[in-house]
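What follows is a single structure, written as structure tokens, with notes after it.
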Amino acid sequence: MINDEKTDRVWLVYSITKNCVFCYSCKLFSCKNLHLNHLSTIGTNDWKYLPKKLITHERSVQYLKSIEACTELKKNTKHTQHKIGRAHV
């Protein structure tokens with residue numbers, strides 16, 4: 001962060017081969033306006049302005065919708081795993 005504050009962003013992933021960071025939820029669940037969101041397509045390695053870009057990204061409608069879809073998938077996966085586990089008892 002700009003003021004040396006630390007924030008845990010579990011959605012942010014780093015590609016060693018591309019030397020860029022990506023938003024994994026947008027990369028997986030975003031389908032509209034991909035050209036408007038570099039964190040879901042080509043990533044970014046603009047380290048100087050990364051904190052500002054991340055804050056802007058976290059406030060975008062596209063990001064919020066993709067995080068919602070990701071959360072829903074995780075919830076459904078846990079529910080399905082629980083049902084499978086109960087079926088084999």
Side-chain angles (χ1 to χ4, degrees):
M1 299 296 294
I2 296 167
N3 60 0
D4 293 328
E5 177 182 320
K6 297 191 187 289
T7 302
D8 188 22
R9 290 185 168 100
V10 296
W11 53 267
L12 192 65
V13 293
Y14 176 71
S15 168
I16 295 171
T17 57
K18 295 189 179 207
N19 187 36
C20 290
V21 292
F22 294 87
C23 175
Y24 84 85
S25 62
C26 285
K27 193 147 184 73
L28 294 175
F29 295 102
S30 185
C31 58
K32 291 185 180 179
N33 300 323
L34 286 178
H35 65 283
L36 298 177
N37 185 350
H38 287 209
L39 285 175
S40 67
T41 54
I42 60 174
T44 187
N45 61 1
D46 185 357
W47 310 121
K48 181 177 180 180
Y49 296 104
L50 185 62
K52 289 181 182 179
K53 288 183 177 197
L54 296 179
I55 290 168
T56 300
H57 182 73
E58 288 173 322
R59 293 177 179 162
S60 71
V61 172
Q62 180 180 355
Y63 166 78
L64 295 172
K65 287 182 178 182
S66 68
I67 283 292
E68 183 179 336
C70 188
T71 302
E72 188 66 25
L73 177 65
K74 286 179 184 178
K75 185 175 98 177
N76 290 339
T77 301
K78 285 181 183 179
H79 179 71
T80 302
Q81 288 174 344
H82 179 71
K83 281 180 133 178
I84 291 171
R86 287 182 56 191
H88 288 95
V89 173

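Computed from a predicted model, the values in this text were never measured in an experiment.
Put simply, Leu73 and Val10 are part of two different groups of oily side chains (I, L, V, M, F, W, Y) that touch within less than 4.5 Å, one to the next. Grouping the Ile, Leu, Val, Met, Phe, Trp and Tyr side chains by contacts below 4.5 angstrom, directly or via other members, places Trp47 with Val13.
Note that CG of Leu12 is 8.5 Å distant from NE2 of His57, once rounded to the nearest 0.5 Å. Here Leu39 contributes atom CG and Thr41 contributes atom OG1; the two are 8.0 Å apart, rounded to the nearest 0.5 Å. Atom NZ in Lys65 sits 11.5 Å away from atom SG in Cys26 (nearest 0.5 Å). Distance check: Gln62 CD to Ile67 CD1 gives 11.5 Å after rounding to the nearest 0.5 Å.
Scanning both residues, Lys27 and Phe22, for their nearest heavy atoms gives CD-CD2, 4.0 Å. Residues Asn45 and Asn19 approach most closely at CB-O, 2.9 Å, considering heavy atoms. Looking at every heavy atom in both residues, Trp11 comes nearest to Ser25 through CB-OG, 4.4 Å. Across all their heavy atoms, Tyr24 and Lys74 have their closest contact at OH-NZ, 3.3 Å.
Taking 4.5 Å as the limit, every side-chain heavy atom of Cys23 sits out of range of all side-chain heavy atoms of Ser40. Taking the side chain as every heavy atom from C-beta outward, Glu68 and Phe29 never approach each other to under 4.5 Å.
Between Lys75 and Glu72 there is a salt bridge, since at least one side-chain N of the basic residue sits less than 4.0 Å from a carboxylate O of the acidic one.
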